Amino acid sequence: MAAERLRAKFLADTALYDPKHLGQDARFGPVERIPVLTTFTDRKECAQRGVHRATVAGISGSSKDGAYSICVSGGYEDDEDNGDKIIYTGTGGQPDPFSFSGSQTGDQSFNHKDNAALKISADTKKPVRVVRGPNKNSPWAPDKGYRYDGLYIVKEAYLAKGQSGYVICRYELERVPGQPRIPRKW
DNA sequence: GGGCCCGCAGGG
DNA sequence: CCCTGCGGGCCC
């Protein structure tokens, strides 16, 4: 099948990413040979290609230099996905990452290293790669797999009160203009 | 389809 | 090293 051959070629052409060979700066921005709207079968592949290097966590980055990438999968009830604008929720305040209820059960804070990283991105205005996972609540999410949707700028980062009444870290992201349009489901 | 549980790659 | 985190597979 042609699609499978194309996929095999893609996997061969995109060298497996070894972060140890890269400087900190190389972790920001676009990834070589991975165009916007490239879709990965799962989080592991997405991590191996260097797009979002965490296999589980939603935020990948350094608490000193800022975030490299985030994954929007709809795991947090206070998220809002409007395509070019995203309201994203920080990490923490949930019982554990594998039994997400969607509801917060505790407070978040910028003391958490991942939340701190994304807050720094709001100051530096360095672009952050955004990956969308399958999310039935968003018309902009892929049906399956994880799609690299290009670069966004973190406009604001602040503490807020979430739906469940707990403190959350809230981030307002805006897509960098001039990138391929994101397909809409409905 | 839901519940359960195992796991890996980062970053500090 | 150690711990954590918006998966995923397997069983039923």
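Letters go in sequence order (proteins before strands), and every chain restarts at 1. Bear in mind that the values here come from a model prediction, so they are computed numbers and not experimental data.
Taking the side chain of T55(A) as heavy atoms from C-beta on, and the options dG5(C), dG7(C), dG12(B), the nearest nucleotide is dG5(C). The listed nucleotides are dG11(B), dG8(C), dG5(C); the one nearest the side chain of R27(A) is dG11(B). Considering only side-chain atoms of S62(A), the nucleotide from dG8(C), dG12(B), dG5(C) that sits closest is dG12(B).
For the pair T89(A) and dC6(C), the criterion of a side-chain N or O lying under 4.0 Å from OP1 or OP2 is not met. One finds a side-chain N or O of H112(A) lying less than 4.0 angstrom from the OP1 or OP2 phosphate oxygen of dG5(C). At the phosphate of dA9(B), neither OP1 nor OP2 sits under 4.0 Å from any side-chain N or O atom of Y68(A).
A 3.5 Å limit on both hydrogen-bonding distances identifies dG9(C) as the Watson-Crick or G-U partner of dC4(B). The pairing partner recorded for dC2(C) is dG11(B), the criterion being a Watson-Crick or G-U wobble arrangement whose two distances lie under 3.5 angstrom.
In this structure, the ring of Y146(A) has its center no less than 6.0 angstrom from the ring center of F40(A).
Rounded to whole Å, atom C1' of dC6(C) lies 12 Å from atom CG of N115(A). Here dG5(C) presents its C1' atom at 15 Å from CZ of R53(A), a figure rounded to the nearest Å. The separation between K44(A) atom NZ and dG10(B) atom P is 11 Å, rounded to whole Å. Remark: C1' of dG10(B) and NZ of K113(A) are 7 Å apart, rounded to the nearest angstrom. Per the geometry, CD belonging to Q108(A) stands 9 Å off P belonging to dC6(C), to the nearest Å. Protein atom CZ of R43(A) is 12 Å distant from nucleotide atom C1' of dC8(B), rounded to whole Å. Distance Y88(A) OH to dG5(C) P: 12 Å, rounded to the nearest Å. Here the P atom of nucleotide dG8(C) and the CG atom of D42(A) are 5 Å apart, to the nearest Å.
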Next item on the list: Any chance you could lay out the side chain to side chain donor-acceptor pair (under 3.5 Å) test for T89(A) and D79(A), step after step, and finish with the verdict?
Entry: CA-CA 6 Å; T89(A) 310; D79(A) 283 3; 2.7 Å; yes
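A donor atom on one side chain and an acceptor atom on the other are found under 3.5 Å apart for Y158(A) and E172(A). Side chains of Q108(A) and T91(A): a donor-acceptor N/O pair is absent below 3.5 angstrom, by distance only. Under the 3.5 Å distance criterion, with hydrogens and angles disregarded, no donor-acceptor pair is assigned to the side chains of Q104(A) and E77(A).
The base of dC6(C) is paired with the side chain of D79(A) by a donor and an acceptor separated by under 3.5 Å.
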